[in-house]
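Report on the structure given below.
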Protein chains: 2
Amino acid sequence: MSLPHVLLGLLSRGSASGWDLKNRMTRDGALGWDAELSQIYPALRRLLKGGFVALKRRRSTKGPPRREYRLTPAGRRELLEWLAEPVALPRPKDAPLARLAFLERLAPDVRAARLLEQRRLVAAALKRAGPPSNAARRRRRALLEAELAWLDAERALLLADAPAPPAAAPRRRGGGATPA
Amino acid sequence: MSLPHVLLGLLSRGSASGWDLKNRMTRDGALGWDAELSQIYPALRRLLKGGFVALKRRRSTKGPPRREYRLTPAGRRELLEWLAEPVALPRPKDAPLARLAFLERLAPDVRAARLLEQRRLVAAALKRAGPPSNAARRRRRALLEAELAWLDAERALLLADAPAPPAAAPRRRGGGATPA
DNA sequence: CCGAGGTATATAGAAACTTATATACTTCGC
DNA sequence: GCGAAGTATATAAGTTTCTATATACCTCGG
């Protein structure tokens, strides 16, 4: 049940329309949440019904009329209550990691290529990440850097074990460590 | 659509019942996925119908008859196809992080307490984490350690800014850095 | 003036996930 | 022999999330 609260949090930084909120969520990687518009619009309706946000329609210079939401006192109260909830580690849901866990059955060269692909993605995310101007961004940066370091270490391990044939004939995978 | 594939991956390590699979998922933090039994059982049924796993009923010494599933060739093929899919960063879904992103509106002492709580959880997870015997576990360890380091750095920052009153009267929060 | 493209809201339908509950079989303590 | 507890499977009901699609308003290029 995070999306409504995340929306309240974002609105606490300034009034916005559903469209705006989607953009803020998608752009701010340090936020830790994202959702589709098809989920955001109904959520805003429910928040409106619940009295947590107020609505003001406003003409747009470049599109249909915007519905701008702003936090009400009740909304601010609800946000603070959410922030006060006890800390808990979430149920792990990390598809790349889950896949990685089984990557061992693939050939080392395929695995190495995969690590390189992943490295490119993580490096790009790190580049896009803004300045470490707040706690969340510092956390994101730290985790991305840790992942990058891990990817490099893993690849080094892999290459040390079975050096990639640069141009010559592929050499047999020798070690009895991972039997087929 | 990860759960069915994760189940196939786990079954590739050895036949198991739904109950077993749940335990494996929950215990192995490095796996990156977990699900309820109520989700696992229907998923296994679907895999059975699809011919990706085969079923053998077996008596148990300490409970109702077990339904043990094993991978079929089709299941193995499907698993490999999943592993071959291109890498992608998932949509971020990290509730603690999302909450953290708005924690700045709380008083520094509350924030520090929160960081300490979180630290305890992460340290416990790190302790439970097994040996770095494969890539997934090494990744998990690296990320948990990075998080721990970040938590410490963050708390240090906070304490440096507004030193906690150890026993004496609470002193006024002075810095104009974060205006209410 | 017409179509393409960006902005903006909206809904339907399906899939995934959570929470709650029911049931069956066994062993063990009493 | 009865209840508690651990093992094991199962389903119902509700919520959340994803995918797909429709529509409206505006600007700009041709």
Side-chain angles (χ1 to χ4, degrees), chain A residues 1-8 10-11 15-27 31-50 53 55-69 82 85 88-95 98, chain B residues 1-8 10-11 15-27 31-50 53 55-69 82 85 88-95 98:
Chain A
M1 259 270 279
S2 281
L3 178 61
H5 290 121
V6 170
L7 293 176
L8 291 179
L10 285 171
L11 287 174
S15 300
S17 67
W19 181 265
D20 296 338
L21 291 167
K22 164 64 178 164
N23 284 336
R24 285 194 205 170
M25 274 196 274
T26 301
R27 275 193 210 129
L31 181 57
W33 210 262
D34 195 8
E36 293 299 323
L37 282 168
S38 60
Q39 200 187 350
I40 293 169
Y41 286 122
L44 285 171
R45 289 291 179 107
R46 278 193 295 276
L47 289 173
L48 185 62
K49 261 194 192 169
V53 300
L55 168 63
K56 185 189 284 184
R57 286 176 187 76
R58 200 185 282 215
R59 269 188 221 89
S60 167
T61 52
K62 43 173 57 182
R66 296 161 50 82
R67 299 167 69 91
E68 291 204 339
Y69 294 91
W82 177 55
E85 277 174 23
L89 289 182
R91 192 190 299 273
K93 283 284 163 65
D94 186 335
Chain B
M1 261 271 279
S2 282
L3 178 61
H5 289 121
V6 170
L7 294 177
L8 291 180
L10 286 172
L11 287 175
S15 300
S17 68
W19 182 266
D20 295 338
L21 291 166
K22 165 64 178 162
N23 285 335
R24 287 194 204 170
M25 274 196 274
T26 301
R27 277 193 208 127
L31 182 57
W33 209 264
D34 196 8
E36 292 300 323
L37 281 168
S38 59
Q39 200 186 351
I40 293 170
Y41 286 123
L44 284 172
R45 290 292 179 109
R46 278 193 295 275
L47 289 173
L48 185 62
K49 261 194 193 169
V53 299
L55 168 63
K56 184 190 285 184
R57 285 175 187 78
R58 199 184 282 216
R59 270 186 220 91
S60 168
T61 53
K62 43 173 58 179
R66 295 161 51 82
R67 299 168 68 92
E68 291 204 339
Y69 294 91
W82 178 53
E85 278 175 21
L89 289 181
R91 192 191 300 273
K93 284 284 164 64
D94 187 335

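Note on naming: letters A, B, ... go to the chains in the order of the sequence lines (proteins, then strands), and numbering restarts at 1 for each one. In what follows, every heavy atom counts, from backbone to side chain, and hydrogens, waters and symmetry copies are set aside.
Looking at which nucleotide of DNA chain D each of B:Ser38 and A:Ser38 is closest to, the 5′-most match is held by B:Ser38. When each of A:Pro42 and B:Ala35 is assigned the nucleotide of DNA chain C bearing its nearest heavy atom, the one mapping closer to the 5' terminus is A:Pro42.
Taking atom CG on A:Leu44 and atom P on C:dA10, their separation rounds to 9 Å, with Å as the unit. Taking atom CG on A:Leu48 and atom P on C:dT9, their separation rounds to 13 Å, with Å as the unit. Distance, B:Lys22 NZ to C:dT18 P: 9 Å, rounded to whole Å. Rounding to whole angstrom units, CD of residue A:Glu36 and C1' of C:dA12 are separated by 15 Å. Atom CE of A:Met25 and atom C1' of D:dT17 are 12 Å apart (whole Å). The separation between A:Trp33 atom CH2 and D:dC18 atom P is 9 Å, rounded to whole Å. For A:Leu3 and D:dT17, the CG to P distance is 6 Å, given to the nearest whole Å. Atoms CH2 (B:Trp19) and P (D:dG6) sit 10 Å apart, rounded to a whole Å.
One finds a side-chain N or O of A:Arg66 lying less than 4.0 angstrom from the OP1 or OP2 phosphate oxygen of C:dA8. A:Arg45 has a side-chain polar atom (N or O) that falls below the 4.0 Å cut-off from OP1 or OP2 of C:dA10. A sub-4.0 Å separation between OP1 or OP2 of C:dT9 and a side-chain N or O of A:Arg57 is absent. Distances shown here put a side-chain N or O of B:Gln39 below 4.0 Å from the OP1 or OP2 atom of C:dC17. Note on A:Tyr41: a side-chain N or O is less than 4.0 Å away from OP1 or OP2 of C:dT9. Taking only side-chain nitrogens and oxygens, B:Arg91 comes nearer than 4.0 Å to OP1 or OP2 of D:dC18.
No side-chain donor-acceptor contact under 3.5 Å links A:Thr26 and A:Asn23.
When all heavy atoms are compared, the tightest approach of A:Gly18 to A:Leu37 is O-CD2, 3.8 Å. Looking at every heavy atom in both residues, A:Met25 comes nearest to A:Leu7 through CE-CD2, 3.9 Å.
Scanning atom types as modelled, no donor and acceptor separated by under 3.5 angstrom connect the side chain of B:Ser17 and the base of D:dT9.
With sequence neighbours left out, A:Trp19 forms a ring-ring contact (aromatic ring centres under 6.0 Å, His included) with no residue at all.
If you check every strand for non-hydrogen atoms under 4.0 Å, A:Lys93 touches sugar and phosphate atoms only.
Under the 4.0 Å criterion applied to side-chain N and carboxylate O atoms, A:Lys93 and B:Asp34 are not assigned as salt-bridge partners.
Although no hydrogens or angles enter the test, the distance criterion places no donor-acceptor pair under 3.5 Å between the side chain of A:Arg58 and the main chain of A:Glu68. Under the 3.5 Å distance criterion, the side-chain polar atoms of B:Lys22 are left unmatched by any main-chain donor or acceptor of B:Glu36.
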So if I define the base as every atom that isn't primed, P, OP1 or OP2, how would nucleotides 24-30 of chain D read as a B/S/- string at a heavy-atom cutoff under 4.0 Å? BBS----
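Between B:Tyr69 and the options B:Leu21, B:Leu11, B:Leu47, B:Asp20, a side-chain contact (heavy atoms from CB on, under 4.5 Å) holds for only B:Leu11.
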